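What follows is a set of notes on a single structure, which appears directly below.
For the numbers below, each heavy atom of this structure counts, side chains included, while hydrogens, waters and symmetry mates do not. By convention in this document, chain letters (A, B, ...) are assigned in the order of the sequence lines, proteins followed by strands, and residues within each chain are numbered from 1. Just so it is clear, the model here is predicted, and its values are computed rather than measured.
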Number of protein chains: 2
Amino acid sequence: MSARDRILDTLEAILISEGERAATLDAVAARAEVSKGGLLYHFPNREALIGGLVGRARNYAAAYRDELRSSPDGPTLAYIRTSAETNTDFDRTLIALGRLGGDQHPEAASALRAAQQDWVDLVREEIGDEATARAIVLMGDGLYYNAMFQDAPPRDVDGLLRVVEVLRASVSRG
Amino acid sequence: MSARDRILDTLEAILISEGERAATLDAVAARAEVSKGGLLYHFPNREALIGGLVGRARNYAAAYRDELRSSPDGPTLAYIRTSAETNTDFDRTLIALGRLGGDQHPEAASALRAAQQDWVDLVREEIGDEATARAIVLMGDGLYYNAMFQDAPPRDVDGLLRVVEVLRASVSRG
DNA sequence: GTCTATAAGGTGATAGAC
DNA sequence: GTCTATCACCTTATAGAC
């Protein structure tokens, strides 16, 4: 694995488990086993380091959108199923980005918004109702919210799938 | 308003709009218009300052639980309605706490978990199905997740209320 | 209850060697 | 592409005056 990727993995790990405050250049460099100078060769400053994480999120989001689009059981069920998966690469990147909310890192917020919009669009196209699509994506958002705190409860995918099935049936009845 | 409350309000404001990293003792003291020494009289160290925020969250959560319990249209609808309200005191405290996720502030995480458990309990008692109750609370969680990032879209309470009505009707049909 | 002054160490970033 | 050395500034916390 390249030093660049190792650095971003480490940044994610620290953001997830210790928070924004702990994610200093020193801490990231040490845990990624490069010197601070080495880190600053790949990312010339702190902002560029965060930018690297945002870029990674955008890449994952694009791949995930395609995955949802081509899923055999449809985007909606695939979205719920995958939202309940913990510790995937995309999951970790999303949670790490979640630690950077606020006005300070607008690119992080906009990357997340764009991804969410993709999901709402896919679900709405499939089940045909805007409010229901938003509610379903909101449940996925809720899972991420929960994953942001320690001792996140296990994500109960079966219960959620049943609930989504009810919503979908209700829309198709009109 | 007491200096103590002004300090906690300021801490919230900085956590919400600029993130954990910007919430230094210096920044909080300056914006709360006390000296750093003054701040450290009320909260002897950084941990105590965060503890003050967690205590505030617990108080709000207890009051909110009682409010849900005694709501004329039932806890479920009251929960959804109030989850869509932005910029209430409790809302701000929750979002500020959200910035502190991770293993670093376990009291923050456990205060949030306790509040969520209250809500699931109230909704389950009312509508009688665990998975549905969890899904409904998850939508509220999703609203908080969204509120953590800048340019949060307006929370569409009417659409959500309709969706919740569908779920409730489905459970009562069995 | 609030202030100023100050210590001790952390933090981001630069320069230049290898 | 990675390192060490170094600088200026930031951050937490303590001590003691008012």
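Taking atom CG on B/Asp26 and atom C1' on C/dT4, their separation rounds to 13 Å, with Å as the unit. Across the protein-nucleic acid pair, B/Arg6 atom CZ and C/dG1 atom C1' stand 12 Å apart, rounded to whole Å. Atom CZ of A/Phe43 is separated from atom P of D/dG1 by 13 Å (rounded to the nearest Å). In this structure, A/Leu39 places its CG atom 13 Å from C1' of C/dT11, rounding to the nearest Å. Straight-line distance from the CD1 atom of A/Ile14 to the C1' atom of C/dG10: 15 Å, rounded to whole Å. Between A/Glu47 atom CD and C/dG12 atom P the separation is 13 Å, expressed in whole Å. As a whole-Å value, the separation of A/Lys36 NZ from C/dT14 C1' is 11 Å.
Within the cation-pi definition used here (under 6.0 Å to the ring centroid, within 45° of the axis), B/Arg155 qualifies as a partner of B/Tyr144.
Here B/Thr24 lies in heavy-atom contact (under 4.0 Å) with sugar-phosphate atoms only.
Proximity note for A/Arg21 (side chain, C-beta onward) versus D/dT11, C/dA13, C/dC3: the nearest is D/dT11. Closest to the side chain of A/Leu25, from the set D/dG1, C/dG12, C/dG1, is C/dG12. Listed candidates were D/dT11, D/dA13, C/dG12. Nearest to the side chain of B/Arg46 is D/dA13. Between D/dT14, D/dT2, C/dA13, one nucleotide has an atom nearer to the side chain of B/Leu40 than all others, and that is D/dT14.
For B/Tyr41, no side-chain nitrogen or oxygen approaches OP1 or OP2 of C/dT2 to under 4.0 Å.
Residue-environment remark: CD (B/Glu130) exceeds the threshold of 12 foreign heavy atoms within 6.0 Å. Counting non-hydrogen atoms of other residues, nucleotides and ligands closer than 6.0 Å to CD of A/Glu33 gives a total of 12 or fewer.
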Check against salt bridge (Lys or Arg N to Asp or Glu O under 4.0 Å), B/Asp73 and B/Arg81:
CA-CA 11 Å; B/Asp73 54 350; B/Arg81 230 190 313 103; 2.7 Å; yes
